[in-house]
Amino acid sequence: AQTVTQSQPEMSVQEAETVTLSCTYDTSESDYYLFWYKQPPSRQMILVIRQEAYKQQNATENRFSVNFQKAAKSFSLKISDSQLGDAAMYFCAPLSGTYKYIFGTGTRLKVLA
Amino acid sequence: DTGVSQDPRHKITKRGQNVTFRCDPISEHNRLYWYRQTLGQGPEFLTYFQNEAQLEKSRLLSDRFSAERPKGSFSTLEIQRTEQGDSAMYLCASSARGMGYGYTFGSGTRLTVV
C-alpha cells in the first residue's frame with residue numbers, strides 16, 4: 001500500500017521569498033510518478049509539477065522545482081519568489097499503475113505581504 | 001473543452017434523503033475518478049472508471065453509495081439514505097491514458113447533511 005506523509009501542517013513565507021514543502025512517501029511500485037497539487041481555498045485542485053521516478057533530474061516548472069531523493073523516498077517542493085496567489089493547500093501524491101492517488105493531509109501555505 | 005464539470009456545486013439535504021451528483025469529464029479522457037474530501041484532510045479515493053467499466057471501489061464506498069458511468073461519458077454518484085457523516089466535498093477527476101498526465105479535477109460538490 002502507498003502512504004504519504006506531509007509533516008508540515010502549515011508553513012508561512014514572506015512574499016518574494018523561497019519556501020520548501022516536504023513530502024515522504026512509501027510505495028512498493030517500481031514504476032511511478034510523483035505529483036504536487038495545489039488547492040486554493042474553495043477552488044479546484046491544480047497540478048503544479050510532476051516527476052518521473054526513473055528520472056534522476058529534478059523537475060522544474062517556472063518558480064516551482066522539486067528535490068527528488070528516490071532512495072529516501074522524499075519529494076519536496078520548492079517555491080521561489082513566492083506570490084500571494086501561491087497561498088493554498090499543497091498535496092503531494094505518488095501515482096503508479098493502480099492509477100489512483102493516495103493523498104497525504106497536505107500543507108497549508110500562507111504567503112505574507 | 002472547459003475541463004471537468006461537476007453539478008451541483010453545493011447540496012444541502014436532510015438526513016435520510018437520497019442525493020445524486022454528476023460529473024462531466026474532459027471528453028477525450030477515458031479514466032474518471034471520484035474522491036471525497038473532509039475538512040482539513042486530503043482527498044480519499046472512492047472509485048474509478050475506465051471507460052464505462054468500474055474498475056475499483058474503495059472500502060469507504062458503503063452499499064449506500066453507487067456510481068455509474070454509462071457509455072463511458074459522464075458519471076453519477078448517488079448516496080442513498082444520507083447520514084451526517086456523508087457531509088464532505090465530493091471531487092471528480094479525469095485523466096488520459098498514462099500515469100504521467102496526472103488528473104484534471106473538477107471544482108467539487110459540497111454536500112451538507114442536516
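Order of the sequence lines sets the chain letters (A, B, ...), proteins ahead of strands, with each chain counted from 1.
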Toward chain A, the part of B:E56 with a non-hydrogen atom under 4.5 Å:
side chain
Side chain, backbone, both or neither: which part of B:L55 has a non-hydrogen atom closer than 4.5 Å to chain A?
neither
Taking atom CG of B:L39 as the centre, report whether more than 12 heavy atoms of other residues, nucleotides or ligands fall under 6.0 Å from it.
no
Heavy atoms from other residues, nucleotides or ligands near NZ of A:K78 exceed 12 (cutoff 6.0 Å):
no
When the aromatic ring centroids of A:Y101 and B:F45 are compared, is their separation below 6.0 Å?
no
More than 12 heavy atoms of other residues, nucleotides or ligands under 6.0 Å from CZ of B:R15: is that the case?
no
With sequence neighbours excluded, residues passing side chain to side chain donor-acceptor pair (under 3.5 Å) with A:T107:
none
For the residue pair A:F103 and B:Y35, is the inter-centroid distance of their aromatic rings smaller than 6.0 Å?
yes
Just checking A:E10: does its CD atom have more than 12 heavy atoms from other residues, nucleotides or ligands closer to it than 6.0 angstrom?
yes
Going by salt bridge (Lys or Arg N to Asp or Glu O under 4.0 Å), name the residues that satisfy it together with B:E83, two or more places apart in sequence or in a different chain.
B:R64
Can you confirm whether more than 12 heavy atoms, excluding those of A:K70, are under 6.0 Å from its NZ atom?
yes
Which atoms of A:Q51 come close to chain B, meaning under 4.5 Å heavy atom to heavy atom: side chain ones, backbone ones, both, or neither?
neither
Calculate, to the nearest 0.5 Å, the distance between atoms OG and CG belonging to B:S95 and A:L95 respectively.
7.5 Å
Highest number of heavy-atom pairs under 4.5 Å with chain B among A:Q44, A:K100, A:E52 belongs to A:K100
CD on B:Q37 to CE on A:M89, rounded to 0.5 Å
7.5 Å
B:Y103 side chain near A:Y37 side chain, heavy-atom distance below 4.5 Å:
yes
